[in-house]
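Notes follow the structure.
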Amino acid sequence: MTDTEPEADDSIDSSEPDYTSTELMVTTAARELRDDESVLVGVGVPNLACNLAKRTHAPNLRMIYESGTIDSNPSSLPLSIGDPVLATGAVGVVPMFEGFSKYLQGGRIDVGFLGGAQIDRYGNINSTVIGDYEDPAVRLPGSGGACEIASNAHRTLVITPHQKRRFPEEVDFVTSPGYVDGREGREELGLRGGPEAIITDLAVMRFDEDGELYAETLHPGVSRDEVQNATGWTLAFADDVETTPTPDTEDLRLLREELDPDGVYLE
Amino acid sequence: MTDTEPEADDSIDSSEPDYTSTELMVTTAARELRDDESVLVGVGVPNLACNLAKRTHAPNLRMIYESGTIDSNPSSLPLSIGDPVLATGAVGVVPMFEGFSKYLQGGRIDVGFLGGAQIDRYGNINSTVIGDYEDPAVRLPGSGGACEIASNAHRTLVITPHQKRRFPEEVDFVTSPGYVDGREGREELGLRGGPEAIITDLAVMRFDEDGELYAETLHPGVSRDEVQNATGWTLAFADDVETTPTPDTEDLRLLREELDPDGVYLE
Amino acid sequence: MHTAIDQAVSDGDSVYLAGFTHLIPFAAGHEIVRQGYTDLHLIRATPDLIYDQLIAAGVASRVTFSWAGNPGVGSLRAFRRAVEDGVPNAIEIDEYTHFGLTARLAAGARGLPFMPVRTFAGSDLPEQNENIRRVESPFGDDEIYAVPPLCPNVAVVRAQRGDVSGNAHVWGIPGEIPEVALAAETVILSVEEIVDEQVIRSDPNRTLVPGSAVDYVVEEPYGSHPSYAQGCYDRDNQAYLEWNEISESQASIEEWLDEWVYGVTDRREYLEKLDSERLLDLKPSTEYATPIDMGGY
Amino acid sequence: MHTAIDQAVSDGDSVYLAGFTHLIPFAAGHEIVRQGYTDLHLIRATPDLIYDQLIAAGVASRVTFSWAGNPGVGSLRAFRRAVEDGVPNAIEIDEYTHFGLTARLAAGARGLPFMPVRTFAGSDLPEQNENIRRVESPFGDDEIYAVPPLCPNVAVVRAQRGDVSGNAHVWGIPGEIPEVALAAETVILSVEEIVDEQVIRSDPNRTLVPGSAVDYVVEEPYGSHPSYAQGCYDRDNQAYLEWNEISESQASIEEWLDEWVYGVTDRREYLEKLDSERLLDLKPSTEYATPIDMGGY
């Protein structure tokens, strides 16, 4: 540490990974974003991923929030999607109805982030209730803007822990449509876009030509069995399942020193 | 004039009227406006009428223009409904779609002013074409906002010269609905409000319980025959046709000295 | 605020306290609790802490919403207790998405019988809500839904500054304020500062609430604490984190209400109870917008 | 502007020069005349002088509009000659009301298959225009109409100030600018002044045109003359009155075009031909808006 000679980057090849599971999810999500895109950001991990992408390969990424802030330029981590730091220094701020109708419905959002309590094999998401709608075991927050993000963004990314209860054969309630019952099902409804990838703490999953999930890469040290056991149906795996690329040193420095110096989201 | 003794107001009783026909129309229209109303103003005579009302009996009249200026406070006569003098000092300015949808359609306009090339006995107005639509003898400017003002204001006032060609039995084209074919006809279409009065250079006309025009008052010195001869159908007259009240001295002073000192609209 | 709430709100009314995460009318909500209304139909895209407090106080019998959580913190516990267990009383829920609910307000503000929206297709929400219906486009199109107008009996909207007639400038996140101010039957405007009419007229493009729609104007500095007012104060995040603890039981909420709502007569007393250090820490630095010249014509 | 028009516009395109009486893109219109396009579909709520000039120059085969007059002066003579007598060429017309036309843009900007509007009922306009159709509300209602989206190939919008990315502040009458900027396929933004991005970011609520929608940014002071730009210059009413004379015949318009459009290479040369006294007289006095504090967070 006190050595003035720059350290070689191969420190990340040591057996003990020098990044956390959340950091891996953040850097993996960041790589899904391209320069000059408009992304509808959520707080937490998506926010870190977008800010990381903006500071690395996507300097012209426009961060747009459900609260109506356009091309936000936050000087610190927002506490919620309505944090004043997202309005100060933004390029625009629009009323909610304008944001949803002109930006989302109008097709001006390239990428949206979604989360949820349950996700099925077609990427349909439940963030409404566990159990029966009329008499729920757990009342979740509900859609918020999720249903319209899922319906109108050109593609969506989901970030979630990988647990069997979160990936059931069938979700208790469809809050936000994925590929419905396959790509054709979604197309018939006239929905734009669709889910692109699901990034968990075990793997990165994508959707095949029928709109069904398969594991594309497994995170370092994660086995097929671990992923299958955390999934509520027989999950497909890519023919050539590879290992998810790990965060590089500069990504980790940015995350730890600049983006989340207090470790609010990065354990 | 050099007498320091104030002149008695009875100067207006002289045989030669000391006001013009336009001035009478302006003061008559001004009396139709009540305090604390929202009025959708046009340029010219309606603008003078609204400003006169605001300086006399209706100080809290809110003048709103099709261009989206809300509660304008013009320091001089606007040259068009989009004059910058209507925005500077206004309480609000909204985009066109907001103005039409939230103010007019939303029912926030008490009174609207309309004009037109032809008006029929039910107050239906043509400002589109003389002759056939496909091959017009005269192409008029078209609706602009007139159709939606006629459909959504709580009441409308029409100011127009009184000529036979302007009051035909049937208009060549209905641009803006009045009572359609009677009050029931309008009601069936679900339209708000309806025409309240037509103020011409000869008379003030209102609508009876069937929604048909009748002459309520005749301007000083105007005969029934004159009015009938300038109307394209057999016009009804009120049982007790009275004479239109004339402008008072203060009205004339305000009009000539403050509102239109250059005589742009007042001949 | 006491008079405004007293005159504007009646038992059984539908009430919308507006402001998406920003300019939330906490002071008005507390006044509603103090005046002990019953059977209110509370409407808000994001119920937030203020509806959690109102629900726990037992004033609500119905909640219309689109996302019920403690923003950036977690779950809205009193809301959940009422829905899951009927504590302190059962509440009916009427659920939309953010877009669906704001589209209802937009239809209400615009005098439209419905607003078409590209959302809900493929979701289970339309099955649970008869106000979400398909509409056929007269120009042919894929599946599209519509929602009917929503015109609450009473709305409370906040703004940084307004004149005595209720014309108000809002900056930062406007949320659903411009819609609900025109959709509601009765509107209470609560501002950080009442300013001269000329201040409003100097910048008419910034007026998001027109005075003609406003029935009551109340000056109430810090009336949105612990949420925020852009340029005036930041969100008091400590309060949002603490609520996560306080709301763990109905009993601990009642204790909190006794101290912070029933135990004070108005917002002024509420503010006096807060540590001044806490208020001072919420003050942002000054960042003026580059002025514009409207021009004298 | 030469490059922007050259790259953005093609023969046969639908073109919307935006701005309701305010911020009318006269410079862009003149450049279209100079570049000699044909068969353009011109769209504007109020064709105003600029479309009268374009029509007389023979670039248009179709005009979509809602009010065709010389505002505050009288009739739009070249437009009328084309409609009534086919001079210099016949033009098709596609006619709406102001609300109907802006609702079409609003639907286009919002990705909707139609926009419901309370207008047209009882009018003869729907008979003349198959784009004005009845729609049935799924919630039951009286007669209501709908219009389909309108997404012009090219829109030119003006603003007082914008940054190089096309984010623009507009004040005074915004007209249909916020709608058409999001509805059109290609957008040219022409500003009185290009400013640093930080000026725009200092007041995000004032941004009516987002840079993400803009394809070309042109700085063109006095680009709206003889219409006006709030705070920068007034309408040159003399020009509006003179047009009433100039437009009396196709021949006198052509003479005018030769001098003021074909005879100059760009707006700069056009301005140089104007008496400076005239420009000086259009300058309003300064009336700054009361600033707002966004706050540093």
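Quick note: numbers below take in every heavy atom, side chains included, and nothing from hydrogens, waters or symmetry partners. Below, chains carry the letters A, B, ... as their sequence lines are ordered, and counting in each starts from 1.
- Ranking B/Pro95, B/Ala87, B/Gly99 against chain D, the residue ahead of the rest is B/Pro95, based on heavy-atom pairs under 4.5 Å.
- Contacts with chain D were tallied for B/Val138, B/Thr175, B/Ile149; B/Val138 has the most, counting heavy-atom pairs under 4.5 Å.
- To the nearest 0.5 Å, atoms CZ (B/Arg121) and OH (B/Tyr179) are separated by 16.0 Å.
- For a residue to count as touching a neighbouring chain, one of its non-hydrogen atoms must lie under 4.5 Å from one of that chain's; by this rule B/Thr69 touches chain D with the side chain only.
- Residue contact with chain B, scored on non-hydrogen atoms closer than 4.5 Å, involves the backbone and the side chain of D/Pro71 alike.
- Only the side chain of D/Ile93 comes within contact range of chain B, judged by heavy atoms closer than 4.5 Å.
- For D/Ala106, the part sitting under 4.5 Å from any heavy atom of chain B is the side chain, from C-beta outward, and nothing else.
- In the model, D/Asn70 has no side-chain atom that pairs as donor or acceptor with a side-chain atom of D/Arg77 under 3.5 Å.
- Taking B/Asn124, B/Asp83, B/Leu79, B/Val93 one by one and counting their heavy-atom pairs under 4.5 Å with chain D, the maximum is reached by B/Leu79.
- Interface summary for chain B: among D/Glu287, D/Gln128, D/Met115, D/Glu127, the most heavy-atom pairs under 4.5 angstrom belong to D/Gln128.
- Remark: side-chain polar atoms of B/Arg108 are not paired, donor with acceptor, to backbone N or O of B/Tyr103 under 3.5 angstrom.
- Between D/His98 and D/Phe20, the ring planes lie perpendicular to each other; the angle is over 60°, past the 30° to 60° tilted range.
- For D/Val170, no part sits under 4.5 Å from any heavy atom of chain B, backbone or side chain.
- Top candidate by heavy-atom pairs under 4.5 Å with chain B, chosen from D/Thr21, D/Thr119, D/Thr102, D/Asp124, is D/Asp124.
- Side-chain N or O atoms of B/Arg186 include one that pairs as donor or acceptor with a backbone N or O of B/Gly193 at under 3.5 Å.
- Neither the backbone nor the side chain of D/Tyr240 comes within contact range of chain B; no heavy atom of the residue lies under 4.5 Å from a heavy atom of that chain.
- Heavy-atom pairs under 4.5 Å with chain D were tallied for B/Gly142, B/Pro177, B/Ser143, B/Pro141; the largest tally goes to B/Pro141.
- With a 4.5 Å cut-off on non-hydrogen atoms, D/Ser75 does not touch chain B at all.
- Chosen from B/Gly82, B/Pro84, B/Ala137, the residue pairing most often with chain D at heavy-atom distances under 4.5 Å is B/Pro84.
- For D/Tyr228, the part lying near chain B is the side chain, with the backbone staying farther off; criterion is any non-hydrogen pair under 4.5 Å.
- Chain D forms more heavy-atom pairs under 4.5 Å with one residue of B/Ser151, B/Gly68, B/Gly144, B/Ala150 than with any other, namely B/Gly144.
- Both the backbone and the side chain of D/Ala103 come within contact range of chain B, each with at least one heavy atom under 4.5 Å from a heavy atom of that chain.
- Contacts between D/Leu76 and chain B at a heavy-atom distance below 4.5 Å are absent for every atom of the residue.
- In plain terms, the two heavy atoms of D/Val180 and D/Ala155 that are nearest each other are CG2-CB, 3.9 Å.
- Interatomic distance, D/Trp243 CH2 to D/Ile50 CD1, rounded to the nearest 0.5 Å: 8.5 Å.
- The OG atom of B/Ser80 sits 10.5 Å away from the CD atom of B/Glu66 when rounded to the nearest 0.5 Å.
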- Task: Take B/Met205 and B/Thr200 through the side chain to side chain contact (heavy atoms under 4.5 Å, CB included) test and state the conclusion after the steps.
- Result: CA-CA 8 Å; B/Met205 297 181 284; B/Thr200 74; 3.8 Å; yes

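- Going from atom CG of D/Asp48 over to atom OG of D/Ser227 covers 7.0 Å, rounded to the nearest 0.5 Å.
- Relative ring orientation between D/Phe99 and B/Phe100 is described as parallel, the plane-to-plane angle staying below 30° on a 0-90° scale split at 30° and 60°.
- There is no contact between B/Ser127 and chain D, counting heavy-atom distances below 4.5 Å.
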